[in-house]
Amino acid sequence: MDPEAIISYQFPEAEFTYTERDVAYYALGVGACSGDAVDEKELKYVYHENGQSHIKVLPTFATLFNPGAIRNFMRIPSMEFDPRLLLHGQQYIEIYSPLPANACIQNKSVVAGLHDKGKAAVIEVDTTSYDRESGKALCLNRLTVYLRGAGGFSKSSPPYSCSKYPSDQIKPVKFPNCQPFTVSEECTQKSQALLYRLSGDYNPLHSDPMVAEVAGFSHPILHGLCTLGFAVRAIIKCVCNGEPTRVKSILGRFLLHVYPGETLITEMWLEDSRVLYKTKVNERNKTVLSGYVGLHPPTTSL
């Protein structure tokens, strides 16, 4: 690896176009209205409720704006790794403006960080997405991946570590030693991964039992970003009174896999303008996801 060549690399600009149909597919893929087809806080994600001109967009829909993000790692010069050993470790999102129900998105991506962890390399890619028609910045996605077996490339001590973003941009998460403010429990469908993949992630790990078996799973697993969508949607419903535009930022750390059909329990704690959360699988009593959601005040004008 040549760390300086990697950290200075800029990806070619890319476009992503979507419609209300894509927005609705995504909402259904992350469980909207699955428990109640006429849920008063979620019907607006799939239907023009009460005469609204457009359906509402969940903020985690922003994770779809750069569908080739992980494949694009192959473009980076000096990057040599086994793609089978790549792990999606974390996703950070900032929402600058409410997401439109249909748009053509212009994506600008850069390598935002590179860290030598010895047995693994950690690389972070920032993608800022703009509405092509207005030029307005809509959101930022930071994808963090662990490349197992690609560490140990530093030629000096301490090991190489570079970040281009402010050190205090992502706030630390310390869960309080008390009962959560509220808890959401939802059962995923056995076909959940097959439904979510219609939003564009066709990795056979989530649909092909033979691929899943080779990867060490008893059957196909749920997409990590689908689990994140479930958790953030639960927070919007339970804490934000169903108002998605209150979401300012999202941090999700992927800790363990989920099998479609398992029950997700999301525990939430209020901390100033953030909701700290943990999502666990009830059947195995394992925490699969944790992080926080930063919120605008209820009276903010967006």
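The salt bridge (charged side-chain N to carboxylate O under 4.0 Å, His left out) check on Arg197 picks up nothing, with sequence neighbours excluded. The side-chain contact (heavy atoms from CB on, under 4.5 Å) test applied to Ala103 returns Tyr18, Pro100, Ile105, Asp131, not counting sequence neighbours. Under the salt bridge (charged side-chain N to carboxylate O under 4.0 Å, His left out) criterion, Arg132 pairs with Glu15, sequence neighbours left out. Scored by the side-chain contact (heavy atoms from CB on, under 4.5 Å) test, Pro159 finds Asp116, Ser154 as partners (sequence neighbours excluded). Taking Asp36 as the reference, Val38, Asp39 meet the side-chain contact (heavy atoms from CB on, under 4.5 Å) condition, with sequence neighbours excluded. By the side-chain contact (heavy atoms from CB on, under 4.5 Å) test, Leu28 is found to be paired with Val46, Leu195, residues two or more places apart in sequence or in another chain being considered. By the salt bridge (charged side-chain N to carboxylate O under 4.0 Å, His left out) test, Arg284 pairs with Glu262, sequence neighbours left out. Listed by chain and residue number, nothing satisfies the salt bridge (charged side-chain N to carboxylate O under 4.0 Å, His left out) test with Arg253 (two or more places apart in sequence, or in another chain).
Listed by first and then second residue, the side chain to side chain donor-acceptor pair (under 3.5 Å) pairs involving residues 209-227 are Ser218-Tyr259 (not counting sequence neighbours). For residues 183-193, the side chain to side chain donor-acceptor pair (under 3.5 Å) pairs, not counting sequence neighbours, are Glu186-Arg233.
With rounding to the nearest 0.5 angstrom, the NZ atom of Lys280 is 12.0 Å from the NZ atom of Lys286. Here the OG atom belonging to Ser249 is positioned 8.0 Å from the CG atom belonging to Leu295, to the nearest 0.5 angstrom.
No donor-acceptor pair closer than 3.5 Å links the side chain of Glu271 to the backbone N or O of Leu276. In terms of modelled atom types and a separation under 3.5 Å, the side chain of Glu283 and the main chain of Thr263 share a donor-acceptor contact. Checking side-chain atoms of Gln91 against main-chain N and O of Thr63 turns up no donor-acceptor pair under 3.5 Å. Within the 3.5 Å criterion, the main-chain N or O of Arg274 finds no donor-acceptor partner in the side chain of Lys171.
Residues Ile265 make up the rest of the hydrophobic cluster containing Val183, defined by ILVMFWY side-chain heavy atoms closer than 4.5 Å, directly or through other members. Other residues sharing the hydrophobic cluster of Tyr146, ordered by chain and number and joined by side-chain separations under 4.5 Å: Leu87, Val122.
There is a side-chain donor-acceptor pair under 3.5 Å between Thr60 and Tyr26.
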